[in-house]
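Structure first, commentary second.
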Amino acid sequence: MSAQGTAAPPRPEPPRPAAAARPRRRGPSSTQLVYLALGIILVVGAVLLAMRGGNLFSTGNLVDMLTRSSLLGFVAIGQTLVILCRSLDLSVGYVVALSSLVAATTMAGDPARIPLGIAAALAVAALVGLANGLVVTKLRVNAFIATLGTGLIIRGYLDTRYQGPAGEVPAAFQVFGYSRIGFVPVSTAVMLGVAVAGILLLRRTRLGYHMFAVGGDPEVARLSGIRTDRTMIIAHVLCSVAAGLAGLLLASRFGTGSALVYDSGYDLESIAAVVLGGTYLMGGSGGIAGTVAGVLILAVLDTVFNVLAIDPFFRDVLRGVIIIAAVALYARSQFAKRASRVRFPKAGPGDRAAGRAPTRAEQEQEVRQ
Amino acid sequence: MTVDQAPAGPPPGAPTPPAERPAAPPALRFLGGASGPVFVLLILIFAGIFTLNPSFAEPPSMMFFLRQAAPLIVLAIGQYLVIVSGEFDLSVGALVGAQVVIAAALIDGEEARTLPVLGVMLVFGLMVGLVNGLITTLLKVPSIITTLGTMLVLSGAIQLWTGGAPTGALSESFRVAGRFGIEDVPVLGQLPWALLILVAVALAALVLMRSSYGRTLVSVGDNETAAAFAGARVWLVRTGAFVLSALLATLAGVLIGGYAGVTAQVGDGLEFAAITAVVLGGVVLGGGRGTVVAAMAGALAVEGLFTLFNQLSLPSTIRPSVQGLIIIAAVAYAARQGSLPWQRTRPRAPRTVQPTRR
């Protein structure tokens with residue numbers, strides 16, 4: 001139940017020659033494109049490594065690739081849900097750090113306290129998500145600022161409370177971070193399980209459909225009887241819980257909780273992975289399958305660069321170029337759809353999501369103009 | 001810095017509204033607009049600083065404060081131009097860092113190279129802005145991704161080039177702009193060059209926002225389709241905003257490099273500080289609303305806030321928390337304007353069927 005058909009008010013095509021010239025045809029979907037890109041990158045990477053006498057598909061490299069993808073995978077899956085609702089979460093990095101600390105300090109090295117630690121970490125993460133969702137919907141703060149703000153608040157708490165690593169994770173829980181079945185690390189298997197659950201949520205449940213509708217056009221969604229606020233809040237909670245899972249994984253790998261992981265750039269990187277996976281940044285279109293491919297692309301790149309011993313800084317450069325290029329490519333294939341949609345209708349996405357009436361100041365501004 | 005200088009006319013809320021609402025007393029009208037909170041916040045912050053430390057109000061320490069605040073204000077002006085046109089620029093922090101490192105490496109302590117290197121930096125800034133703008137407008141990549149990409153590319157390239165640690169040194173004449181000023185000015189003591197540059201940039205920004213380009217920029221941010229029908233070349237206008245933002249980041253790099261010296265981390269987090277400042281000024285992310293004066297006031301408020309934290313001798317680690325609370329509160333307030341109890345002087349006229357508004 002996409003709202004796109006009704007979302008665009010009847011209006012002549014804006015004067016964009018490229019859009020007018022291009023007939024509307026059904027190209028490959030963005031998910032197909034991203035898996036195609038993943039395939040190409042795998043082949044190119046394998047060839048490059050083979051020329052150096054390496055093997056990209058050796059067990060060691062596969063484990064490396066999958067291990068890299070699991071951490072970012074959790075965060076990016078959650079981020080997908082939020083972005084689908086035309087929101088954003090910049091606080092995920094801090095939630096990862098916070099939940100890793102909560103888990104490690106709650107477990108305190110006692111195997112009997114593992115369930116308690118997991119529950120505490122996820123509950124704290126969910127609370128942060130709830131706060132994000134409430135601030136975005138009820139206080140009508142733009143999601144960018146709202147989540148940046150909650151991120152900063154958590155950061156202040158972490159910096160003040162924890163100077164270094166804290167807590168201890170019992171060996172039994174470190175299994176989650178280190179053991180593997182064949183060449184698939186347990187953490188990656190769990191991540192893929194979460195991804196499947198997410199795909200089912202989006203494709204099979206009412207809530208999932210509501211998310212697409214809210215992202216497509218909050219106003220139309222509201223008029224169709226969807227409680228847009230509630231959908232948005234749930235998306236934020238799920239996003240934070242997914243980040244909390246990443247924090248648990250981190251704690252089990254490090255053996256302790258670490259506050260400094262928030263500097264690792266999970267926030268922007270997860271957004272990059274989501275967009276790389278073909279989810280439309282303005283909401284309403286995309287999915288988790290694409291996101292997983294986006295995460296895998298980044299992981300394959302990292303592994304290939306690592307094996308080829310390419311300067312880590314050059315990796316950043318290339319990664320930036322690839323992200324821009326990929327999104328430019330999607331933008332082309334989405335061109336016809338995008339041309340008929342308002343980019344920032346009326347006000348910011350946060351405002352819009354609340355489905356509010358234009359404030360007096362806005363009306364005045366209109367009058368003046 | 002009065003409200004009346006605002007380029008797009010008086011800020012929303014200040015002019016006589018349509019008959020629906022009787023004119024509120026001036027003090028309350030001041031609170032009404034989206035830009036209102038930032039000026040109130042500014043007054044509160046400075047009242048707090050002055051109470052805690054009366055000597056701060058003396059001209060020399062004010063000059064010192066303004067010199068320190070100048071780079072962020074310059075960045076906020078650039079970020080305002082981009083945000084009001086409906087986009088983001090996340091690359092300014094990395095660009096500031098890159099420019100400082102480039103300057104240090106190319107000048108390498110030799111006075112004679114100062115001017116040519118400044119030229120190189122300007123060209124580099126111009127190119128970064130053009131790349132940001134053209135990728136966003138012509139290739140239709142969302143600006144948050146474009147500028148995130150340039151941020152990665154810039155910081156990676158700089159680290160790659162310098163091998164992780166910046167080399168070289170800035171010349172004395174390069175550092176003049178950020179560090180020194182006109183000495184022995186009556187009353188003020190030292191009048192920093194940074195402040196003079198800031199005033200010049202601020203005046204230029206005011207003139208720009210009143211010019212046809214500035215008005216087109218705001219209208220593009222408000223509704224790009226309408227602006228395109230009205231004859232605006234949307235891509236050109238937006239690209240211009242990105243270029244100006246990059247050039248102002250270059251200027252901020254010169255000021256910060258002169259003031260703080262050379263490290264590769266010098267620009268870290270500046271993009272979020274600048275966005276915070278602009279949003280604190282009541283400028284709506286998504287474009288089309290807010291004034292450049294309010295954005296500058298937002299930057300001043302952010303710097304004032306840090307000074308206040310110093311005066312309160314808060315542990316520096318708690319600062320982000322307070323900063324986060326304040327930006328959320330300020331933006332939430334701006335989003336609620338017109339619906340707070342003291343603003344509702346009369347029951348609102350019933351709004352007719354929002355759904356059919358379009």
Side-chain angles (χ1 to χ4, degrees), chain A residues 9 11 14-16 135 139-142 144-146 148-153 155-157 159-160 219 223 268 271-272 275 281-282 311 313-321 323-324 327-328 331-332 335 338 342-344 346-351 357 359-365 367-369, chain B residues 9 12-13 15 17-18 20-21 32-34 86 135 139-142 144-146 148-153 155-157 159-160 164 219 221-222 224-225 228-229 272 275-276 279 284-287 289 315 317-325 327-328 331-332 335-338 351 354-355 358:
Chain A
R11 93 158 69 82
R16 280 177 181 155
V135 170
L139 295 183
R140 298 177 208 149
V141 176
N142 185 301
F144 189 96
I145 293 299
L148 184 65
T150 39
L152 285 173
I153 293 173
R155 182 195 176 138
Y157 172 74
D159 285 353
T160 315
E219 189 70 24
L223 293 171
L268 294 177
I271 295 175
V275 177
L281 196 56
M282 291 299 130
D311 192 302
F313 301 126
F314 183 68
R315 246 165 37 189
D316 278 352
V317 176
L318 210 70
R319 194 190 271 191
V321 172
I323 290 172
I324 295 181
V327 177
R332 293 231 147 264
F335 211 94
R338 186 187 270 243
V342 191
R343 186 171 164 70
F344 278 118
K346 198 78 195 101
D351 289 344
T359 61
R360 186 170 294 132
E362 282 168 13
Q363 288 175 335
E364 279 161 16
Q365 196 136 6
V367 169
R368 244 196 339 271
Q369 285 164 356
Chain B
E20 183 182 315
R21 181 167 53 149
I135 291 181
L139 297 184
K140 307 281 170 202
V141 177
I144 191 170
I145 296 296
T146 314
L148 170 65
T150 27
M151 175 174 128
L152 285 174
V153 170
S155 57
Q159 302 269 23
L160 189 65
S219 69
D222 193 27
E224 65 176 304
T225 316
F229 276 127
F272 284 128
I275 293 175
T276 304
V279 170
V284 174
L285 292 181
R289 310 265 181 276
T317 48
I318 199 84
R319 284 179 196 182
S321 294
V322 184
Q323 197 189 343
L325 275 175
I327 57 170
I328 291 182
V331 176
R336 297 240 144 195
Q337 54 159 320
R351 280 197 216 297
Q354 287 311 325
R358 296 183 297 185

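Letters go in sequence order (proteins before strands), and every chain restarts at 1. Atoms considered below: every heavy atom in the structure, side chains included; atoms not considered: hydrogens, waters and symmetry mates.
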## Note on the structure
Whatever's closer than 4.5 Å to a heavy atom in chain B on A:L281 counts as side chain
### A:V275 versus chain B, the contacting section by heavy-atom distance below 4.5 Å
side chain
### Message
Please report the interatomic distance CD1(B:I144) to CD1(A:I271), rounded to the nearest 0.5 Å.
### Response
5.0 Å
### Query
Atom CD1 of B:I328 and atom CD1 of A:I153: how far apart are they, to the nearest 0.5 Å?
4.5 Å
Where do [X] and [Y] come nearest, in terms of heavy atoms and distance?
X      : Y      : value
B:S321 : A:G156 : OG-CA, 3.1 Å
B:P142 : A:V327 : CD-CG1, 3.6 Å
B:G324 : A:L152 : CA-CB, 3.9 Å
A:I324 : B:T146 : CD1-O, 3.5 Å

### Proximal component of B:L148, with respect to chain A [non-hydrogen, under 4.5 Å]
side chain
### Task
Could you walk me through whether B:V279 and A:F144 pass the side-chain contact (heavy atoms from CB on, under 4.5 Å) test, one step at a time?
CA-CA 10 Å; B:V279 170; A:F144 189 96; over 6 Å; no
## Note on the structure
In terms of heavy-atom pairs under 4.5 Å with chain A, the winner among B:T276, B:V322, B:I318, B:T150 is B:I318
